[in-house]
Amino acid sequence: MAAEPEEVAWPANYFNYFTEVEEHFQKARGTGLFLMSPLDWALVEAWKNAGVPLTAVLRGIDAAFEKWRSRKNRIQSVNSVAYCAQAVLAEAQVMAGVAPPPSSKQSAAPFALEDLQRFLQDNAATLSAAAGYEEIASSLQKLVAGSADLYYDLEDLERRLTALEDKMIAIARTRQTEDDLLRARRELDIQLRPYRGKMTADQLTMLEKQYLDRMLLDSAGLPRLSLFYLR
């Protein structure tokens with residue numbers, strides 16, 4: 001008998017997505033000391049943004065490691081989540097059309113209102129001190145003012161923050177030098193080289209965008225605005 005599809009409750013599943021993937025990969029690899037690379041985080045974020053079910057990712061990780069362990073000659077260890085990309089895609093295709101539509105039911109927020117307000121305020125302060133990002137900082141201040149209401153509609157708040165982050169990335173990209181972009185692309189190519197054959201063209205496109213955006217913000221000292229980064 002097929003297992004029942006998991007019920008998706010936003011935002012609980014959203015905020016658990018990254019942690020679940022990281023912990024599951026570490027467990028499958030057999031070590032808790034492994035640290036995911038920027039490429040790994042970019043890939044997981046690409047899966048999340050593409051709507052790949054968490055269950056598909058976890059099953060794909062298990063399938064990839066099962067296949068790896070069945071090999072007679074295991075010269076190299078699995079050192080990246082990207083190794084599991086092909087298996088994750090296969091599991092997502094199996095689940096396509098099986099899972100029910102996302103539930104509109106809201107679950108309890110995984111953080112306190114005060115934590116949300118501090119997260120928004122800190123990001124606003126960081127951007128206020130960075131030339132050219134004052135308008136985004138002002139928008140974040142408005143979100144702080146309305147946070148008591150937005151706290152009960154985190155999905156809408158996440159959409160607003162995503163729009164602001166896209167705008168912030170667009171500004172940062174206009175200031176990125178050709179040398180910086182070339183350096184980031186070279187690093188991406190090095191990390192992706194062993195795994196390109198395991199991904200589709202669409203997967204590679206999403207992953208490259210997520211990776212380059214992440215590296216751009218890190219190099220510019222700019223914060224991530226998504227609620228996932230609220231610690």
Side-chain angles (χ1 to χ4, degrees), residues 17-19 21-23 25-26 29 31 33-52 57 60-61 64 75-89 119 122-137 139-140 158 161-231:
Y17 197 102
F18 295 83
T19 302
V21 173
E22 180 182 35
E23 292 179 352
F25 182 80
Q26 290 174 342
R29 191 175 183 272
T31 173
L33 300 177
F34 178 79
L35 296 177
M36 289 173 60
S37 70
L39 178 69
D40 292 329
W41 287 114
L43 179 57
V44 175
E45 190 163 6
W47 285 336
K48 184 266 296 179
N49 291 344
V52 176
V57 178
I61 290 173
I75 300 175
Q76 295 181 328
S77 298
V78 177
N79 294 317
S80 175
V81 176
Y83 177 84
C84 308
Q86 196 171 41
V88 169
L89 177 61
F119 174 73
D122 288 348
N123 286 341
T126 299
L127 291 172
S128 293
Y133 298 94
E134 294 84 0
E135 184 178 344
I136 299 175
S139 295
L140 287 173
E158 179 68 6
L161 291 173
T162 298
L164 289 175
E165 183 165 294
D166 287 344
K167 188 173 183 178
M168 180 175 66
I169 290 172
I171 296 173
R173 188 168 288 118
T174 64
R175 302 178 176 188
Q176 187 178 36
T177 67
E178 291 184 9
D179 287 342
D180 287 341
L181 178 57
L182 180 59
R183 190 179 305 111
R185 286 193 174 279
R186 283 175 175 168
E187 181 63 28
L188 172 61
D189 287 341
I190 292 172
Q191 294 196 42
L192 262 183
R193 192 171 298 146
Y195 310 107
R196 283 190 178 276
K198 298 179 180 295
M199 301 184 192
T200 65
D202 287 343
Q203 282 183 311
L204 287 170
T205 298
M206 286 190 297
L207 175 55
E208 289 172 356
K209 180 183 183 304
Q210 292 295 336
Y211 181 90
L212 293 174
D213 286 352
R214 178 181 287 269
M215 291 298 98
L216 174 62
L217 294 179
D218 286 348
S219 64
L222 297 172
R224 296 303 301 267
L225 305 185
S226 169
L227 294 175
F228 160 68
Y229 296 93
L230 194 165
R231 300 298 186 181

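Owing to the predicted nature of the structure, the values given are computational and were not obtained by experimental measurement.
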Under 3.5 Å: donor-acceptor pair, side chain of Asp218, backbone of Met215: no

Validation row: Leu140, Leu161 side chains within 4.5 angstrom (heavy atoms): yes

Heavy-atom closest pair, residues Leu164 and Ile136: O-CD1, 4.0 Å

All side chain to side chain contact (heavy atoms under 4.5 Å, CB included) counterparts of Arg196, not counting sequence neighbours: Asp189, Leu192, Leu204, Glu208

Heavy-atom closest pair, residues Leu39 and Leu188: CD1-CD1, 4.0 Å

Pairs involving residues 122-136, ordered by first then second residue, that meet side-chain hydrogen bond (donor to acceptor under 3.5 Å, both in side chains) (sequence neighbours left out): Glu135-Lys167

Those residues that, when tested against Phe25, pass ring pair (Phe, Tyr, Trp, His ring centres under 6.0 Å) (two or more places apart): Phe34, Phe65

Distance-minimising heavy-atom pair for Gly60 and Cys84: O-CB, 4.4 Å

Close side-chain approach of Leu207 and Glu45, heavy atoms under 4.5 Å: no

Set of side chain to side chain contact (heavy atoms under 4.5 Å, CB included) partners for Thr174, sequence neighbours left out: none

For the student: nearest non-hydrogen atoms of Leu212 and Ala184, plus distance: CD2-CB, 3.9 Å

Check: Asp40 main-chain N/O paired with Ser37 side-chain donor or acceptor under 3.5 Å: yes

Residues forming a side-chain hydrogen bond (donor to acceptor under 3.5 Å, both in side chains) with Glu165, sequence neighbours excluded: Arg224

Trp47 side chain near Gln203 side chain, heavy-atom distance below 4.5 Å: yes

Stepwise side-chain hydrogen bond (donor to acceptor under 3.5 Å, both in side chains) check, Asp202 with Thr205: CA-CA 5 Å; Asp202 287 343; Thr205 298; 5.3 Å; no

Within-4.5 Å side-chain heavy-atom neighbours: Phe18 and Trp41: yes

Residue list, side-chain hydrogen bond (donor to acceptor under 3.5 Å, both in side chains) with Thr200, at least two apart or on another chain: none

Met206 to Ala46 - nearest heavy-atom pair and separation: CB-CB, 4.0 Å

pair Val44-Lys48: side-chain heavy atoms closer than 4.5 Å: no

Closest approach of Ile171 to Gly132 (non-hydrogen atoms, all atoms of both residues): CD1-O, 3.8 Å

Side-chain heavy-atom pair Pro223, Leu225 within 4.5 angstrom cut-off: yes

